[in-house]
There are 2 protein chains.
Amino acid sequence: MGTRYHGTEEEVRALDAYIKLIRAADSVSSRIHRHLDETNLTITQFGVLEALYHLGSMYQRDLAAKLLKSGGNITLVIDNLEKRSLVKREREPNDRRCIRVNLTEAGNQLISHIFPTHVAAVVAEMATLSMSEQEELGRLCRRLGKKE
Amino acid sequence: MGTRYHGTEEEVRALDAYIKLIRAADSVSSRIHRHLDETNLTITQFGVLEALYHLGSMYQRDLAAKLLKSGGNITLVIDNLEKRSLVKREREPNDRRCIRVNLTEAGNQLISHIFPTHVAAVVAEMATLSMSEQEELGRLCRRLGKKE
DNA sequence: ACATGATATTTTAATATTAAATAAATCAAT
DNA sequence: ATTGATTTATTTAATATTAAAATATCATGT
């Protein structure tokens, strides 16, 4: 009972920073996305709508790359959004392997309605840190994420 | 096509820091846990074994709280670990609602074998940042995570 | 033209994850 | 002591997620 890990200073510092990073991302993200409850959107579904809203219609391949998800996953997420008529598929004539995903009118209405709420939630959540601290966090995280 | 979000400075900074935080946590965690591939353990399964290894036997309730997962999820994860004989369940005599989860000998062997690899991966990954940067990241993340 | 290889999507099988409903055990309070 | 509320674990239903296999399409080189 209670034998916590005792490593070198370097190890303890790395483990500590790592666990705090994971926990912060987890709890911040779940608080920020709480407003999605009313819409019955999952985080990934929101991510798809948001990408289409800001970048225009996209291939499933590009959605997968942008959202860091597998192709099979995107297929299912698009299926579920399509069932709710929030997006529609369209086969690309020039390259019939590809499928272009578009917002429907309903999808566009929904995301344009909830995106400002999302921004407000992000701002409120990050306001725990000062402006310069947010910038510092961004710098550190970018270096950590950008490895390969 | 390509209409990126244009908000106030405050909004852009918050959104930027937020997305970098999420991406860093995601990619760092997936790189760190790559070594689990050989063991066929999922991240949550690893989390359960690690908690039991360092804290001793625990109730499912406490595992759920520590790993920030729902009770139903923990039930399934323990099911799958139990199938592989890595943990065992034991009803608590004093309070028969509770179930105490223990490492088996095989579970103990496995986690004590892979934990040093895990630590090495964390150290290597976090070495992108200097010691003081790791500490700064930890401080910022702790404040962000600790809200409520 | 045809074989080969690469790419995009879908499907399948397994686990994760949550919310909600259920069942069992305990606790509290009159 | 009995009723009522709380707590713990399980089950169920739905979506997420990945890896791997299967399909379909395109591109290339001969």
Side-chain angles (χ1 to χ4, degrees), chain A residues 22 25-27 29-49 57-84 86-102, chain B residues 22 25-27 29-49 57-84 86-102:
Chain A
I22 300 302
D26 207 57
S27 65
S29 151
S30 90
R31 283 196 295 264
I32 283 179
H33 285 104
R34 202 166 283 165
H35 68 93
L36 293 182
D37 286 356
E38 319 151 25
T39 66
N40 272 323
L41 288 175
T42 66
I43 293 182
T44 306
Q45 288 174 351
F46 172 80
V48 168
L49 296 183
S57 73
M58 296 174 75
Y59 296 137
Q60 293 191 184
R61 157 179 54 101
D62 297 326
L63 282 167
K66 178 161 178 59
L67 302 175
L68 305 176
K69 299 293 152 82
S70 70
N73 185 15
I74 293 299
T75 292
L76 181 71
V77 172
I78 301 296
D79 283 350
N80 288 326
L81 287 171
E82 212 173 25
K83 275 183 208 155
R84 289 176 62 181
L86 297 173
V87 303
K88 55 181 185 298
R89 284 177 160 104
E90 196 181 336
R91 183 137 322 246
E92 174 69 35
N94 300 336
D95 185 344
R96 294 189 40 75
R97 289 171 302 182
C98 300
I99 289 184
R100 191 175 274 285
V101 185
N102 280 280
Chain B
I22 300 302
D26 208 58
S27 64
S29 152
S30 89
R31 285 197 294 265
I32 283 178
H33 286 104
R34 204 166 280 165
H35 68 93
L36 293 182
D37 286 355
E38 320 151 25
T39 65
N40 273 323
L41 288 175
T42 66
I43 293 182
T44 306
Q45 288 174 352
F46 173 80
V48 168
L49 296 184
S57 72
M58 296 174 75
Y59 297 137
Q60 293 191 184
R61 155 180 57 100
D62 297 326
L63 281 168
K66 178 162 179 56
L67 302 176
L68 305 176
K69 299 293 152 81
S70 70
N73 185 15
I74 292 301
T75 293
L76 180 71
V77 172
I78 301 296
D79 283 351
N80 287 326
L81 287 172
E82 211 173 26
K83 275 182 207 154
R84 290 176 61 182
L86 297 174
V87 303
K88 54 183 186 297
R89 285 178 159 104
E90 198 180 335
R91 190 122 240 153
E92 174 69 34
N94 299 338
D95 186 342
R96 295 188 41 74
R97 288 172 303 183
C98 301
I99 288 185
R100 190 175 275 284
V101 185
N102 280 281

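Every chain is numbered from 1, with letters handed out A, B, ... down the list of sequences. Please read these numbers as outputs of a predicted model, since none were measured by experiment.
- Put simply, CD1 on Ile99(B) is 18 Å from P on dT7(D), counting in whole angstrom units.
- When the nearest nucleotides of DNA chain D are assigned to Val77(A) and Cys98(B) by heavy-atom distance, the more 5′-ward of the two goes with Cys98(B).
- Among the protein residues, Leu81(B) comes within range of no part of the nucleic acid, since none of its heavy atoms lies under 4.0 Å from any strand.
- Here dC27(C) is the nucleotide among dC27(C), dT9(C), dT25(D) with the atom lying nearest to any side-chain atom of Arg97(B).
- When heavy atoms are screened at a 4.0 angstrom cut-off, Thr44(A) is found touching the sugar-phosphate backbone but no base atom.
- When distances run from any side-chain atom of Ser70(B) to the nucleotides dT18(C), dT10(D), dT18(D), the shortest one goes to dT18(C).
- Between Leu36(A) and Thr42(A) the shortest heavy-atom distance is CD1-O, 4.1 Å.
- When the side-chain nitrogen and oxygen atoms of Asn80(B) are compared with OP1 and OP2 of dA16(C), one or more of them lie within a distance under 4.0 Å.
- Between Thr42(A) and dT15(D) there is no side-chain polar atom (N or O) within less than 4.0 angstrom of OP1 or OP2.
- What separates CZ of Arg91(B) from C1' of dA25(C) is a distance of 9 Å, to the nearest Å.
- Taking atom CG on Asn40(B) and atom P on dA16(C), their separation rounds to 11 Å, with Å as the unit.
- The minimum heavy-atom distance linking Ile43(A) with Ser29(A) is given by the pair CD1-OG, 4.0 Å.
- Contact check, Arg61(A) against dA8(C): a side-chain N or O comes under 4.0 Å of OP1 or OP2.
- Neither OP1 nor OP2 of dT7(D) sits under 4.0 Å from any side-chain N or O of Arg96(B).
- Electrostatic pairing of Arg100(B) and Glu90(B) does not count as a salt bridge here, judged by no charged N lying under 4.0 Å from a carboxylate O.
- In this structure, Asn73(B) reaches the dT18(C) phosphate: one of its side-chain N or O atoms is under 4.0 Å from OP1 or OP2.
- Taking atom CD of residue Glu92(B) and atom C1' of nucleotide dT26(C), one finds them 13 Å apart after rounding to whole Å.
- Among the atoms of the strands shown, none is found under 4.0 Å from any heavy atom of Arg100(A).
- Atom C1' of nucleotide dT18(D) and atom CG of Asp26(B) are separated by 13 Å, given to the nearest angstrom.
- Of all non-hydrogen atoms in Arg89(A) and Thr75(A), the two that sit nearest each other are NH2-O, 3.2 Å.
- For the pair His33(A) NE2 and dA16(D) P, the interatomic distance rounds to 13 Å; values are reported in whole Å.
- Between dT10(C) and Arg89(A), a contact under 4.0 Å exists linking OP1 or OP2 to a side-chain N or O.
- Residue Asn80(A) forms a side-chain hydrogen bond (donor to acceptor under 3.5 Å, both in side chains) with just one option from Arg84(A), Glu82(A), Lys83(A), and that option is Lys83(A).
- Atom CG in Leu76(A) sits roughly 18 Å away from atom P in dT15(C) (whole-Å rounding).
- Put simply, CG on Leu63(A) is 13 Å from P on dA8(C), counting in whole angstrom units.
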